[in-house]
Amino acid sequence: MPHADSSYIPSTITTKAEFYDHVVSHLEALLEGERYWVTNLAQTSAILYHSYLASSLYGGESIHPTVNWCGFYLHPPSPSSSSSHPHSNPSSNRTSPLLLGPYQGRPACLSITPIQGKGVCADGFLSGQTLIVPDVESYPGHIACDGETKSEIVVPLRNSHNAVIGVLDLDSTLLNTFDEDDQRGLERVVRILKDGCDWS
Ligand code: SME
């Protein structure tokens, strides 16, 4: 099968649980045998973004995507440098920014300061918890990289030592796009990356 066909979503898939089962199995196949984190995060962004674009559960094959941004913010110079960061440490005084990593979508903010209250990515990174934002305008400190974004989900990304090294961030042009099914599915995705990459 050509690699691009991995993001094809069969019409028989009618629930988010089925959607993520499908995407996760194709992601595992795509990453098989590869451990370089840049490659794997780039491929993950691509399969997620194009799977949402292809799925009727997320607006179908519209010219205007529902999920309009999908990618990673990470601690430089390489994700492994964050291994001292505990899984949950809101009082962390490390102020080096999270930097834009592999993604799909329109150009976005290059860096995000990891201070609590300074955006969804910062809060997800510092808390080590997935954050579902049904309406970005109601989220204090939300950083608007794209005025079309209406809702968002941020999932912490961990390395094999279980340290938070960044976040997976998804934006949507509709309110209330992401729910607990997306959380479960995307947490499966970051677990694959956690153990499937060499973070250095
Ligand atoms: N909205 C994010 C910023 C990143 S963009 O959505 C790609 C935030 O509030 O942290």
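Note that ligands are numbered from 1 as they come in the structure, with each ligand's atoms numbered from 1 the same way.
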Of all the atoms in ligand 1, which lie at a distance below 4.0 Å from a heavy atom belonging to [X]?
| X | result |
| --- | --- |
| Asp171 | 5 (S), 6 (O), 7 (C) |
| His142 | 1 (N), 9 (O) |
| Gly119 | 9 (O), 10 (O) |
| Trp69 | 7 (C) |

Using distance alone, decide if ligand 1 has a nitrogen or oxygen within less than 3.5 Å of any nitrogen or oxygen in Lys118.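 Not met; the criterion fails.
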Tell me the contacting part of [X] for ligand 1: side chain, backbone, both, or neither, using a 4.0 Å heavy-atom threshold, strictly below.
| X | answer |
| --- | --- |
| Tyr103 | neither |
| Asp169 | side chain |
| Cys121 | both |

Asp182 with Lys16: basic N within carboxylate O range, under 4.0 Å: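 Salt bridge: yes.
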Distance-only polar pair, side chains of [X] and [Y], donor-acceptor under 3.5 Å:
| X | Y | answer |
| --- | --- | --- |
| His50 | Gln104 | yes |
| Glu152 | Ser172 | no |
| His3 | Gln43 | no |
| Ser151 | Asp135 | no |

Tyr73: heavy atom below 4.0 Å from ligand 1, yes or no?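 A heavy atom of Tyr73 does come that close to ligand 1.
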Which residue owns the protein heavy atom closest to [atom], what's the atom, and how far is it?
| atom | result |
| --- | --- |
| atom 3 (C) of ligand 1 | Ile143 O, 3.6 Å |
| atom 2 (C) of ligand 1 | Glu152 OE2, 3.2 Å |
| atom 5 (S) of ligand 1 | Cys145 SG, 3.2 Å |
| atom 8 (C) of ligand 1 | Val120 N, 3.4 Å |

Begin from the C-alpha positions of Phe125 and Tyr73 and carry the test ring pair (Phe, Tyr, Trp, His ring centres under 6.0 Å) through to its verdict. CA-CA 9 Å; Phe125 175 73; Tyr73 281 91; over 10 Å; no
Validation row: Thr39, Glu34 side chains within 4.5 angstrom (heavy atoms):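 In contact.
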Checking Asp123 side chain against Gly117 main chain: does a donor-acceptor pair fall under 3.5 Å?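 Yes; judged by distance alone, with no hydrogens or angles, the pair exists.
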Check against salt bridge (charged side-chain N to carboxylate O under 4.0 Å, His left out), Glu148 and Arg106: CA-CA 11 Å; Glu148 289 192 2; Arg106 287 173 163 168; 3.7 Å; yes
